[in-house]
Amino acid sequence: MTNQVRVRFAPSPTGFPHVGNIRTALFNWLFARHSGGTFIVRIEDTDVNRKVEGATEAILAGLKWLGLDWDEGPEKGGNYGPYFQSQRLERYKEACDRLIAQGNAYKCFCSSERLEKMREEQTLKKIAPGYDRLCRSLTSDQCAAKEAQGVVPVVRFKTPMQGETSFDDMIWGHVKFENRGIDDFVLLKSDGYPTYHLANVVDDHAMEITHVLRAEEWISSTPRHKMLYEALGYQHPIFAHLPMILGPDRSKLSKRHGAVSITEYRDQGFLPETMFNFLSLLGWSLDDKTEVMSKDMIFENFSLERVSKVAAIFNVQKLNWMNGVYIRALSAEDFAIRALPFLEASLPGEVDRPLNFDYVKKVAALVQDRAKTLVEVGELSDFFFYDDFTYDAGLLLGKDVTKEIAVRGLENGKELITSLKSFESTELEKEFRALAEKMEVKTGQLFSTVRTAVTSRTATPPLFQTMSVLGRERCLKRIDKALEKLQTLG
RNA sequence: GCCCCCAUCGUCUAGCGGUUAGGACGCUGGCCUUUCACGUCGGUAACGGCGAUUCGAAUUCGCCUGGGGGCGCCA
């Protein structure tokens, strides 16, 4: 036995990998890596009814994408497996039997109809809902009779009816609850599966978990867990309840707030390093100024003492900003590699695939400073990839640009482009500036028309670099088309 | 309804008895500039309220208010 830190992320495969859950995973990972401990993933698939096909895979994919590697768990194994609760049912049953034998738990034969009615009445009477302990006093003969009738019982814990239960939380300090507010909760369901409370306690003990870091929503069930640990004769782990992540309306972050799944953020073109950094700052901070930090820097400095108690609102604007910071920090090559799949997905079907990577690299270099997400790369650069775009002819007439100036500028520009020996951006710029001077117009007047002609847009990467990447032939064709368009103008 | 908890700019946060209450996002003004971005220099904006303790409270205590979480054969 060592006193090495062992923490776990224990998701339930009942849906997509919610960023709130992923943040919990992240903090567990940070805590483990900071202390040189072990990070374990355990799948809590004890709810047969809510189980979602593919959810486990999506959760694991989310963890991998973020770089949260686990030391024990699915796909990986370990000495404390299996790591799926559905494969550990005997252990829960054993624990339950022991608790019944010790007088800490009992069988309950109440139907769900009765329980529902009971809760309705309690709500009506404005008293705290909770099991009324009807079956707690059943004799063994009465139990046997029920079972003979074929009623399948659940097992409930005998919660003490007075006194209080308290524990020390690394984040919340000393927390205490009165026992009378806690009802006789279910340990084993009638389908033979354990509830979270039982399975969690049994497994955390079996897996020698030293610290339980989980979301704040669990804090009020912690006394139950403590009672269970004690009844089972186990030492309980250290608890640390993490603050919640809320939506902009301050309610629990959910689908109606927009993207909540980590995979959605991936698909929207956020970088994993952005998400890692951003999520780490939801409830934790290094100091009073440092925000952009590498993965290494974060886990090296991570500490529970700097985790806040205040629920954090997920601020998408800041996420966007941070993603831009990470995008700009990428090498040109790396950025192109990451943008490529997004580009291929967003460009119209007519564009031939696969895209020429050398060309993509040149284009990417021009939008890297401008993109906040990888999906924006397509929006920002589509005109580099196909020619038959349409735009409003009026866009050719920018500020202080008359139809006459525009026509003259484009015709002179055409001539210039044709005669140029080099199509380098610096050369282009030099010549076009000279042209503007010769035409006695401001550079902006000439450039804006050429820009629209060549790109169909009024906001683009630097014009001459854009033209250089596009190439002489395409620029000429586009200018011709623009000249035609100008004729349609009155 | 009952139980638990929380409270600094709109948002993320620093602060842990003495600070001009700091940083970041956002918004905004200037500069840079062929557009858009980037960058850069400024600005905007907070200790929820009331009492108490103290020479001195954002920091400690109480009450109020506001917000959150929990109260399933869900996790």
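Below, chain A is the first sequence line, B the second, and so on; all start at residue 1.
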Practice prompt. Round to a whole Å and report the spacing from CG of A/Asn323 to P of B/C12.
Written response: 20 Å
Discussion item. Over all strands shown, is A/Ser221 touching base, sugar-phosphate only, or nothing at heavy-atom distances under 4.0 angstrom?
Written reply: nothing
Discussion item. I want to check one thing: is the phosphate of B/G39, taken as OP1 and OP2, less than 4.0 Å away from some side-chain N or O of A/Arg328?
Written reply: yes
Item to complete: Can you figure out which of B/A75, B/U35, B/U34 approaches the side chain of A/Thr460 most closely?
Response: B/U35
Discussion item. Going by purine N1 to pyrimidine N3 plus the second Watson-Crick contact, or the G-U wobble pair, all under 3.5 Å, which nucleotide sits opposite B/G17?
Written reply: none
Worksheet item: Starting at CD1 of A/Ile59 and ending at C1' of B/A75, how long is that distance when rounded to a whole Å?
Response: 11 Å
Discussion item. Heavy atoms only, 4.0 Å cut-off, all strands: where does A/Pro243 land among base, sugar-phosphate and nothing?
Written reply: nothing
Discussion item. Roughly how many Å apart are B/A57 and B/G49, using the C1' atom of each and rounding to a whole number?
Written reply: 16 Å
Discussion item. For B/U33, give the paired nucleotide (Watson-Crick: N1-N3 plus N6-O4 or O6-N4; G-U: N1-O2 and O6-N3; both under 3.5 Å), or none.
Written reply: none
Worksheet item: Between A/Lys318 and B/U11, is there a side-chain N or O to OP1/OP2 distance below 4.0 Å?
Response: no
Worksheet, complete the sentence: The Watson-Crick or G-U wobble partner of B/C71, with both key distances under 3.5 Å, is B/G1
Item to complete: For a side chain to side chain donor-acceptor pair (under 3.5 Å) with A/Arg8, tell me which candidate from A/Asn200, A/Asp203, A/Asn28 qualifies.
Response: A/Asn200
Worksheet item: Rounded to whole angstrom units, what separation is found between the CG atom of A/Asn200 and the C1' atom of B/C74?
Response: 13 Å
Fill in: Any-strand Watson-Crick or G-U partner of B/C61, both distances under 3.5 Å
B/G51
Discussion item. Under 4.0 Å, heavy atoms only, any strand: does A/Ser190 hit a base, just the sugar-phosphate, or nothing?
Written reply: base
Discussion item. Need the pair for B/C38. Rule: Watson-Crick or G-U wobble, both distances under 3.5 Å, any strand; none if unpaired.
Written reply: none
Discussion item. OP1 or OP2 of B/G70 versus the side-chain N and O atoms of A/Lys252: is any pair under 4.0 Å?
Written reply: yes
Discussion item. Using a heavy-atom cut-off of 4.0 Å across all strands, would you classify A/Gly283 as base, sugar-phosphate, or nothing?
Written reply: sugar-phosphate
Worksheet item: Heavy atoms under 4.0 Å, any strand shown: does A/Val186 hit a base, just sugar-phosphate, or nothing?
Response: sugar-phosphate
Discussion item. By the 4.0 Å heavy-atom rule, please label A/Pro223 as base, sugar-phosphate, or nothing.
Written reply: nothing
Practice prompt. In whole angstrom, give me the gap between the P atoms of B/A14 and B/C6.
Written response: 15 Å
Worksheet item: Does A/Arg306 have a side-chain nitrogen or oxygen under 4.0 Å from the phosphate oxygens OP1 or OP2 of B/G15?
Response: yes
Item to complete: Report the distance from atom CG of A/Asp288 to atom P of B/G15, rounded to the nearest whole Å.
Response: 8 Å
Worksheet, complete the sentence: The answer to which of A/Trp172 and A/Trp321 contacts RNA chain B further toward the 5' end, by nearest nucleotide, is A/Trp172
Discussion item. Can you measure A/Asp191 atom CG to B/C74 atom C1' for me and round it to whole angstrom units?
Written reply: 12 Å
Worksheet entry | Closest listed nucleotide, where the reference is the side chain of A/Leu115 and the choices are B/G68, B/C73, B/C2 | B/C73
Worksheet entry | A/Lys372 vs B/C38: side-chain N/O to OP1/OP2 distance below 4.0 Å | yes
Discussion item. Checking base pairs now: Watson-Crick or wobble, both atom distances under 3.5 Å. What partners B/U44?
Written reply: B/G26
Worksheet item: Within the structure shown, what part of the strands sits under 4.0 Å from A/Lys126 by heavy-atom distance: base, sugar-phosphate, or nothing?
Response: sugar-phosphate
Worksheet item: Would you say A/Lys189 reaches B/C74's phosphate, i.e. side-chain N/O to OP1/OP2 under 4.0 Å?
Response: yes
Worksheet item: Can you tell me how far P of B/C2 sits from CG of A/Leu124, to the nearest Å?
Response: 16 Å
Discussion item. Would you say A/Arg119 places a side-chain N or O within less than 4.0 Å of OP1 or OP2 belonging to B/C73?
Written reply: yes
Discussion item. Categorize A/Tyr196 for me: base, sugar-phosphate, or nothing, with a 4.0 angstrom heavy-atom threshold over every strand shown.
Written reply: base
Worksheet item: Checking all strands, does A/Ser285 fall into the base, sugar-phosphate, or nothing category for heavy-atom contacts under 4.0 angstrom?
Response: sugar-phosphate
Practice prompt. Could you check A/His197 against A/Asn315 and say which one's nearest nucleotide on RNA chain B is further toward the 5' end?
Written response: A/Asn315
Worksheet item: Quick one: which of B/C36, B/G69, B/C12 gets closest to the side chain of A/Ile313?
Response: B/C12
Worksheet item: Below 4.0 angstrom, N of the basic side chain to O of the carboxylate: do A/Arg370 and A/Glu376 qualify?
Response: no
Discussion item. Can you check the distance between B/G17 and B/C3, where both ends of the measurement are the P atom (answer in whole Å)?
Written reply: 33 Å
Discussion item. What contact category does A/Glu291 fall into here, base, sugar-phosphate, or nothing, at under 4.0 angstrom with non-hydrogen atoms?
Written reply: base
